[in-house]
Amino acid sequence: MILMTHIYYGDPSEEFSVKLAKTLVAAGADILEIGVPYSDPVCDGEVFQRACKRALQNGTTPFNVFEGIKKIREKGYSQKIYLTSYYAPIFKIGIGKFVGLAKQAGVDGLIVPDIILEEQEKLQKYCRKFGLSLIQFATIYSDKERLKQICNASSDFIYCISLPGVTGDKVTYSKLRELIKVIKSITNKSIYVGFGIKSPEDARKIIDLGADGIIVGSAIARIYEKNIFQPESTLAEISAFVRRLKESAIF
Amino acid sequence: MNNPCYFGEFGGQFVPEFLYPALKELEGIFEEVKKDTVFQREFHRLLDDYAGRPTPLYYAKRTSEFIGCKVYFKREDLLNGGSHKINNALGQILMAKLMGKKRIVTETAAGMHGVAATMAASVAGLTCDVFMGIKDIERQKLNAEKIKILGGNVIPVARGNGILKDAVSEAMVAWIRDLPNTHYLIGSAIGPYPFPAIVAYFQKIIGVEARVQILDKEGKLPKVVIACGSGGSNALGIFQAFLSETDVELTFVEGKEAAGFKNGSKGIFQGAKNYVLQDEFGMDKKTTSRAAGLNYPARGPQLSYLVESGRVKTFAASNNEVLNAFKMMGKLEGLLPALETCHAIVELFKRKGKYKPDDVVILNFSGRGDKDL
């Protein structure tokens, strides 16, 4: 099982994000997903909304995120890093410039939660130019025809959303089971499931449905948020949580 | 570019994949209802007998004397619910029924759209959840109360700054959580395609009527049409009838404290490419317009296109100017305009003495101001 962990960079500080990334990797996270904080994060639940707000309040910009990823790379981290950003910052900074900077920072792929295939032409063009993958989303509302288009456009894993809603909501297993089944009938590409995974039990169930990986984000932010003025003090708890997530797939 | 989702370079569908099937369904039903005579008959029956159309085109005599030309008000404030919002609400409710939806979610700021959507939902027997920023509930209490009495649920939105844009996001999320049963009755000409086109379509009745009325009363077209707005639903509603008449100046007035045109730039916001108040990184900026309904950082895609192409001219009115216009309109005409509408009135007052006595100005009197007392 692949464990991908999602953090919003700069929440509550850049220093903490770098430490958090290090902790996640040490505890067994296979892939880092690092988010650009955005002012209107429509796909995110309350925990990540607060994370974005805190990060923006302390002045975190997309350029700081690129710098942060560079720092993480300089510490010798060689596994995959995906950069998550809503489309507004990408568009405003300039699509080519943004993708180029992401590549320079050491990013492997982009995750853009608010752009459908029909609007991706330019983004795909620049991702190809710089050799980054652009992750495609499959949802429980996607029919088979749509899933074929999504799988076809995907140059990497398929990001499968476990529920109808936002990050931190509840997983809907019956619909997720059906969705994974249909995707598997279409493609051999890896399926990572994200949104709403809060516990090793959730992770176990999702792997049993046939997913190749899980993506966990707000469950981690929820831990350090409890002690937001001294988030470092929660790193041990986060580390234990990540270990349990990893182990859940073994038993 | 001949993509129907775009107005020039503006518009599009910048949404999570979740919404793809919902937008396709909406596009399909929207094309159908335009040709569906049964739908059209029911829509116009409700517009006339429930909402109170056609609305009068009022010759504002004292205002005319004050400004120095012939000023007419298109009296959308007289509609049931107190604003033009009911036009779009009734149209979209009938669409929702055709799609078999049971529940309406919507956003409101000043509360006018929330009231209209709830009324329309009740007429059609649907439930209505109205998302409203906590800051707006506080300053537009009367409308929040009205929504409850009319059968809607007011759902307070604390995210972000607790204002209109936050309510839009929260309504969008509520829609995503239950797409099969829910329709998002968006209140302005904003959001992903086809919403901006749908709202403009149901609002165009304002201009269609005004055009016939002014030709009847004056035998000529107006020199200027003035409307306020943020997304642009009332402005597009009246402007559309005059777009091809290049001699008719189309004037749009935004809030100075939320001036998406004056201080904004092209960007992506809440589903579409449009003008938006944003920083260099695409983060929308905080807005502080006293008029909750105009306190939105983006302008709709069609309006953005019309401004970019030069067809529509934009101006801004400040909170202070608006409050003065509010007081003055009471004394001058015995009318109580919404603070939003007062933005258009500010621009009208600024033009005192600039026109010939025979020139005709139409001001879209988009809503009434009881809510703002």
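The figures here come from the full heavy-atom set of this structure, side chains too, leaving out hydrogens, waters and symmetry mates. Numbered from 1 within each chain, the chains take letters A, B, ... in sequence-line order.
In this structure a side-chain-to-backbone donor-acceptor pair under 3.5 Å is missing from B:Asp136 to B:Val157.
In this structure, chain B has a heavy atom under 4.5 Å from the backbone of A:Pro37, while its side chain stays farther away. Only the side chain of B:Met172 comes within less than 4.5 Å of a heavy atom in chain A; its backbone stays farther off. Within the 4.5 angstrom heavy-atom criterion, only backbone atoms of A:Pro113 (N, CA, C, O) approach chain B. Only the side chain of A:Ile150 comes within less than 4.5 Å of a heavy atom in chain B; its backbone stays farther off.
Put simply, the side chain of A:Phe137 reaches to within 4.5 Å of the side chain of A:Ile111, judged on heavy atoms.
Atom SG of B:Cys5 and atom CZ of B:Phe10 lie 16.0 Å apart (nearest 0.5 Å). Expressed to the nearest 0.5 Å, how far CG of B:Leu277 lies from CD of B:Glu254 amounts to 7.5 Å. Between the CD1 atom of A:Ile115 and the CG atom of A:Leu134 there is a distance of 8.0 Å, given to the nearest 0.5 Å. Distance CG/B:Leu236 to CD/B:Gln302: 4.5 Å, rounded to 0.5 Å. To the nearest 0.5 angstrom, A:Phe66 atom CZ is 6.0 Å from A:Ile93 atom CD1.
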Is there any N or O donor on one of chain B and chain A with an acceptor on the other under 3.5 Å, and could you list each such pair with its distance?
from     : atom 1 : to       : atom 2 : distance (Å)
B:Tyr6   : OH     : A:Glu119 : OE1    : 2.5
B:Tyr6   : OH     : A:Glu119 : OE2    : 3.4
B:Gln13  : N      : A:Glu119 : OE2    : 2.7
B:Val15  : N      : A:Asp114 : O      : 3.1
B:Val15  : O      : A:Ile115 : N      : 3.3
B:Glu17  : OE1    : A:Arg146 : NH2    : 3.1
B:Glu17  : OE2    : A:Arg146 : NE     : 2.7
B:Arg159 : NH2    : A:Pro41  : O      : 3.2
B:Gly160 : O      : A:Lys53  : NZ     : 2.8
B:Lys165 : NZ     : A:Ser39  : O      : 3.1
B:Ser169 : OG     : A:Asp40  : OD1    : 2.6
B:Ser169 : OG     : A:Asp40  : OD2    : 3.1
B:Ile176 : O      : A:Tyr141 : OH     : 2.7
B:Arg177 : NE     : A:Asp169 : OD2    : 2.8
B:Arg177 : NH2    : A:Asp169 : OD1    : 3.0
B:Arg177 : NH2    : A:Asp169 : OD2    : 3.1
B:Leu179 : N      : A:Tyr141 : OH     : 3.2
B:Ser265 : OG     : A:Lys92  : NZ     : 2.8
B:Gln270 : NE2    : A:Asp40  : OD2    : 3.2
B:Asp284 : N      : A:Ser39  : OG     : 3.0
B:Asp284 : OD1    : A:Ser39  : OG     : 2.5

Quiz item: Stepwise, does the side chain to side chain contact (heavy atoms under 4.5 Å, CB included) test hold for A:Ile215 with A:Ile197?
Solution: CA-CA 7 Å; A:Ile215 304 161; A:Ile197 301 172; 5.8 Å; no
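Among B:Leu179, B:Leu19, B:Val173, B:Val168, the residue with the largest count of heavy-atom pairs under 4.5 Å with chain A is B:Leu179.
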